[in-house]
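Basis for what follows: all heavy atoms, side chains included, without hydrogens, waters or symmetry-related copies. We count ligands from 1, going down the list as the structure has it; atoms in each ligand are counted the same way.
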Amino acid sequence: MAIGFIGAGNMAEAIIKGLISNKVYNCDEINISDISDNRLEYMQSAYSINTFKYNNLLVSSSDLAVLAVKPQVAGEVMEALDDFPVDKPVISIAAGLRIEKITKLLGDRPVIRVMPNTPALAGWGAAGIFANKKGEKHLPLAKKIFSAIGEAFVLSSEDDMNIVTALSGSGPAYFFLLMEEMINAGIELGLDEKLASDLTIQTAIGAAMLARQGNNDSETPEDLRKKVTSPGGTTEAALKELENNQLGALVMLAVSRAKQRSEELSKV
Ligand SMILES: NC(=O)C1=CN([C@@H]2O[C@H](COP(=O)(O)OP(=O)(O)OC[C@H]3O[C@@H](n4cnc5c(N)ncnc54)[C@H](OP(=O)(O)O)[C@@H]3O)[C@@H](O)[C@H]2O)C=CC1
Ligand SMILES: O=C(O)[C@@H]1CCC=N1
């Protein structure tokens with residue numbers, strides 16, 4: 001079984017790295033195509049995988065195609081895929097690209113939509129997965145692929161994909177922004193950049209690990225927050241400022257806007 005990636009960008013690389021290090025596929029079973037020769041040369045030298053200049057040649061040499069180009073070019077990429085047998089499954093990771101559009105352009109076939117995220121690069125990804133009826137029998141393989149780079153969650157409705165995109169697909173950027181702002185605050189208040197950065201990142205890792213442990217022990221992030229917050233103490237003073245400035249409403253607004261953008265991309 002050869003797997004073929006159309007688009008050799010960040011997400012394709014993250015997935016391929018996980019597949020190779022977890023021995024889900026051998027290097028010689030992984031194919032990749034891209035419009036950039038430089039990118040293909042890099043992928044070939046870094047991972048010893050098979051590279052293809054043309055997407056058509058890639059799919060004809062693959063048993064499963066992974067659509068890993070930007071949603072804005074996915075339509076033209078699919079339109080140019082000739083003679084792609086309809087029994088071959090497609091996995092699409094493109095934000096907002098609906099299964100209906102994929103089957104319209106590539107024929108009524110097994111399709112699995114996946115929304116991964118960039119922590120997959122470190123093996124800590126979170127992915128939402130949804131298959132059409134024909135794709136359901138390929139769900140175990142899709143789960144295996146995305147479990148190699150983190151955790152994979154099967155969704156019961158394709159519509160939930162827009163929420164997953166807004167929450168975990170884009171989510172890493174929200175945490176990175178918070179980290180950037182905390183580092184800036186540390187620097188502005190007098191720490192040197194390296195120390196502010198080290199403390200912030202270690203705190204983010206610690207909080208995430210604790211939240212993960214809590215998730216198994218029925219301890220919610222709210223419970224954990226309360227344990228940090230001594231009455232009349234420093235955390236309480238900080239959290240009051242965040243509450244007074246409507247952090248909750250702001251997060252709701254940001255996630256809703258991302259969901260709306262995912263819906264808009266569905267119409268492109
Ligand atoms: N980045 C993220 O956090 C996430 C991204 N996604 C989705 O994953 C998909 C890929 O994203 P990402 O990896 O970040 O994007 P990238 O831009 O890094 O990767 C896409 C790659 O496809 C190449 N490409 C463009 N046109 C073609 C073509 N006609 N044929 C073959 N290759 C082509 C691009 O080349 P060039 O750069 O030269 O145009 C680029 O190398 C997107 O649809 C995105 O919505 C999903 C979850 C998270
Ligand atoms: O920003 C984007 O559109 C993509 C999808 C989720 C994360 N990155």
Side-chain angles (χ1 to χ4, degrees), residues 4-19 31-44 46-47 49-62 65-82 84 90-99 101-102 105-106 111-122 124-130 142 145-146 149-153 155 160-177 254-268:
F5 289 82
I6 305 174
N10 294 315
M11 283 314 306
E13 181 172 4
I15 298 165
I16 288 167
K17 211 168 151 184
L19 293 180
N31 302 328
I32 195 153
S33 61
D34 197 278
I35 44 168
S36 156
D37 291 340
N38 286 345
R39 191 63 192 160
L40 287 179
E41 270 167 37
Y42 163 75
M43 293 301 284
Q44 215 283 323
Y47 301 103
I49 57 178
N50 311 309
T51 57
F52 291 79
K53 200 171 164 58
Y54 301 104
N55 298 332
N56 262 321
L57 292 180
L58 171 106
V59 293
S60 64
S61 304
S62 308
V66 181
L67 193 59
V69 291
K70 294 278 184 219
Q72 290 85 348
V73 299
E76 64 183 70
V77 164
M78 288 189 288
E79 272 165 15
L81 290 181
D82 306 325
F84 183 28
V90 169
I91 291 180
S92 166
I93 63 166
L97 182 65
R98 289 191 70 87
I99 289 176
K101 180 161 182 190
I102 299 172
L105 293 172
L106 292 180
V111 180
I112 295 148
R113 260 187 83 179
V114 181
M115 178 44 56
N117 64 9
T118 57
L121 272 165
W124 283 97
I129 302 186
F130 180 80
I145 291 170
F146 289 91
I149 49 169
E151 282 197 48
F153 304 88
L155 311 179
D160 287 348
M161 205 48 105
N162 292 323
I163 309 170
V164 172
T165 303
L167 204 62
S168 56
S170 298
Y174 315 153
F175 286 102
F176 294 138
L177 180 62
V255 177
S256 305
R257 185 65 192 98
K259 173 178 175 270
Q260 190 190 343
R261 183 65 191 137
S262 180
E263 288 161 359
E264 286 163 10
L265 285 171
S266 307
K267 295 180 187 115
V268 174

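Here the heavy atom of the protein found nearest to atom 7 (C) of ligand 2 is G169 O, 3.4 Å. Here the protein heavy atom with the shortest distance to atom 1 (O) of ligand 2 is S170 OG, 4.5 Å. When hydrogens are left out, the protein atom nearest atom 4 (C) of ligand 2 is A95 CB, 4.7 Å; that is the closest non-hydrogen contact.
No N or O atom of I6 sits closer than 3.5 Å to an N or O atom of ligand 1.
Applying the 4.0 Å criterion to heavy atoms of A95 picks out, from ligand 1, the atoms 43 (O), 45 (O). Ligand-side atoms of ligand 1 in range of K70: 11 (O), 12 (P), 14 (O), 15 (O), 17 (O), 42 (C), 43 (O), range being under 4.0 angstrom from any heavy atom. Listed by number with element, the atoms of ligand 1 under 4.0 angstrom from any heavy atom of N10 are 13 (O), 14 (O), 18 (O). Atoms of ligand 1 lying under 4.0 Å from any heavy atom of M115, numbered from 1 in the order shown and given with element: 46 (C), 47 (C).
At a heavy-atom cutoff of 4.0 Å, ligand 1 is contacted by the side chain of V77 but not by its backbone. Residue contacts with ligand 1 for N55 involve side-chain atoms from C-beta outward but no N, CA, C or O (heavy atoms, distance under 4.0 Å). With a 4.0 Å cut-off on non-hydrogen atoms, A68 touches ligand 1 through its backbone and not its side chain. Neither the backbone nor the side chain of E76 has a heavy atom within less than 4.0 Å of ligand 1.
Heavy-atom proximity to atom 8 (O) of ligand 1, evaluated over N38, L58, I35, I93, is greatest for I93. In the candidate list L121, V69, T165, V69 is nearest to atom 43 (O) of ligand 1, counting heavy atoms.
Note on E13 versus K17: no salt bridge recorded, every NZ/NE/NH1/NH2 to OD/OE distance being 4.0 Å or above. A salt bridge does not link E264 to K267: none of the charged side-chain nitrogens sits closer than 4.0 Å to a carboxylate oxygen.
The number of heavy atoms from other shown groups lying within 6.0 Å of CD (Q260) is above 12.
Distance remark: protein heavy atom not present below 4.0 angstrom from atom 37 (O) of ligand 1.
Side-chain N or O atoms of N31 include one that pairs as donor or acceptor with a backbone N or O of S61 at under 3.5 Å.
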